[in-house]
Amino acid sequence: MADPNTDPKPDSRINQNASLKYWNSVNPTADGMLGGYAQISTIDLRGSSAFLSKVRRLNPSTGSARIQRAVDCGAGIGRITEGFLSRVCETVDIVEPVEKFVDAIRRGKLHKEGKIGDIYVVGLENWTPTHTYDLIWNQWCTNHLTDAQLVEYLIRCKNALSETGLLVVKENTNSDWTKDHYDEVDSTVTRTEGKFLELFEEAGLKVLRSEEQMGFPQRLMLLPVRSWALRPAT
Ligand SMILES: C[S@@+](CC[C@H](N)C(=O)[O-])C[C@H]1O[C@@H](n2cnc3c(N)ncnc32)[C@H](O)[C@@H]1O
């Protein structure tokens, strides 16, 4: 039985090379991106779209105006860009470390239509934004970063936001409130909601709105998925 007092911090076990090896073995399909649960994609995308609309309505100057430049971080094959971001944004940049997923995006319709902006084939821990963004979307990928890397990354994102820009994190959370959990399949850490809040605060971010994604079939027994919309605290 693991002893939380003597075990190393779960995030210290993250090995980004092992993660890349895992993801390189996964098919470049929605099913691959969602661990065999492609059927939840539509519900997820609808939930994200509704969440973003609610957050943008909090600021009368953004409201329902089109978003100029967004970035889909840990984008995989561009499931979120295709199903949601490209509908509300003029240009979507991509950050994704796995070449074969990026190739799928490059071959896709959105790339041909000029909706995809710059593509960065790199992990978030090594990515520094060079544009100013109205929206930085991070979904199901910040679990690949250690706590320290995540704080540093969030600070870089915070510094790249436009005046009304939003940083969104949408992630699995640990239903056990007391500790993070290391998963050796893809070498990730599932964090508690409390840990996310600590890391956001450490990065100088405040939560504008937070919401649990509802509507996934109960029989799938998925972990709770939570979205946070963040802005610089000062
Ligand atoms: C569960 S998939 C989610 C993909 C996409 N966000 C979605 O929701 O469809 C996780 C993605 O994170 C990517 N990834 C792995 N290590 C990463 C890292 N260090 N930085 C950014 N993304 C990473 C994987 O290659 C994969 O595309």
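When reading the values below, keep in mind they use all heavy atoms of this one structure, side chains included, and skip hydrogens, waters and symmetry mates. Whatever order the structure lists them in is the order used to number ligands and atoms, beginning at 1.
- Those atoms of ligand 1 with a heavy atom of Phe101 less than 4.0 angstrom away are 25 (O), 27 (O).
- Contacts with ligand 1 closer than 4.0 Å are made by no heavy atom of Ala30, backbone or side chain.
- The protein non-hydrogen atom at the shortest distance from atom 20 (N) of ligand 1 is Leu124 N, 3.0 Å.
- In this structure, atom 12 (O) of ligand 1 lies nearest to the protein heavy atom Cys141 CB, 3.7 Å.
- For atom 16 (N) of ligand 1, the nearest non-hydrogen atom from the set Gln16, Lys100, His144 belongs to His144.
- Heavy-atom proximity to Ala75, at under 4.0 Å, picks out these atoms of ligand 1: 5 (C).
- By the 4.5 Å heavy-atom criterion applied to side chains, Cys89 and Val92 are counted as neighbours.
- Here the straight-line distance linking atom SG of Cys141 with atom CH2 of Trp23 works out to 10.0 Å at 0.5 Å rounding.
- Here the protein heavy atom with the shortest distance to atom 17 (C) of ligand 1 is Pro97 CG, 3.6 Å.
- Within ligand 1, the atoms closer than 4.0 Å to a non-hydrogen atom of Gln139 are 6 (N), numbered from 1 in the order shown.
- Within the 4.5 Å cutoff, no side-chain heavy atoms of Glu202 are placed close to those of Asp147.
- The closest side-chain heavy-atom distance from Arg231 to Leu166 is below 4.5 Å.
- Within the 4.0 Å heavy-atom criterion, the part of Val98 lying near ligand 1 is the side chain and not the backbone.
- Salt bridge annotation for Arg209-Glu211: present, with a cationic side-chain nitrogen under 4.0 angstrom from a carboxylate oxygen.
- For atom 1 (C) of ligand 1, the nearest protein heavy atom (residue, atom name, distance) is Met33 O, 3.1 Å.
- Every atom of ligand 1 is numbered from 1 in the order shown, and the set under 4.0 Å from a heavy atom of Gly123 is 18 (C), 19 (N), 20 (N).
- Between Trp228 and Leu208 the shortest side-chain heavy-atom distance does not fall below 4.5 Å.
- Here the closest heavy-atom approach between residue Asp31 and residue Tyr37 is recorded as OD1-N, 3.6 Å.
- Counting protein heavy atoms only, atom 13 (C) of ligand 1 is closest to Glu96 OE1, 3.5 Å.
- Looking at Leu34 against ligand 1, nothing comes within 4.0 Å, counting heavy atoms.
- Between Thr91 and Gln68, every side-chain heavy-atom pair lies at or beyond the 4.5 Å cut-off.
- Set against the non-hydrogen atoms of Ile80, the atoms of ligand 1 under 4.0 Å away are 6 (N), 7 (C), 8 (O).
- A salt bridge is defined here as a Lys NZ or Arg NE, NH1 or NH2 lying under 4.0 Å from an Asp or Glu carboxylate O, and Asp180 with Lys195 meets this definition.
- Side-chain contact between Tyr120 and Ile94 is absent, with no heavy atoms from C-beta onward closer than 4.5 Å.
- Of all atoms in ligand 1, numbered sequentially from 1 with element shown, those under 4.0 Å from a heavy atom of Gly76 are 27 (O).
- Among protein heavy atoms, the minimum distance from atom 19 (N) of ligand 1 is reached at Glu125 OE1, 2.9 Å.
- Heavy-atom proximity to atom 24 (C) of ligand 1, evaluated over Trp23, Tyr153, Trp127, Trp137, is greatest for Trp23.
- On a distance-only criterion, Arg79 and ligand 1 share at least one N/O pair closer than 3.5 Å.
- For Trp140, heavy-atom contacts with ligand 1 shorter than 4.0 Å involve the backbone as well as the side chain.
- The environment of CZ in Arg156 is crowded: more than 12 heavy-atom neighbours from other residues, nucleotides or ligands sit within 6.0 Å.
- Here the heavy atom of the protein found nearest to atom 11 (C) of ligand 1 is Gly74 O, 3.8 Å.
- Of the possible polar contacts, one joining the Thr173 side chain to the Pro224 backbone as a donor-acceptor pair under 3.5 Å is found.
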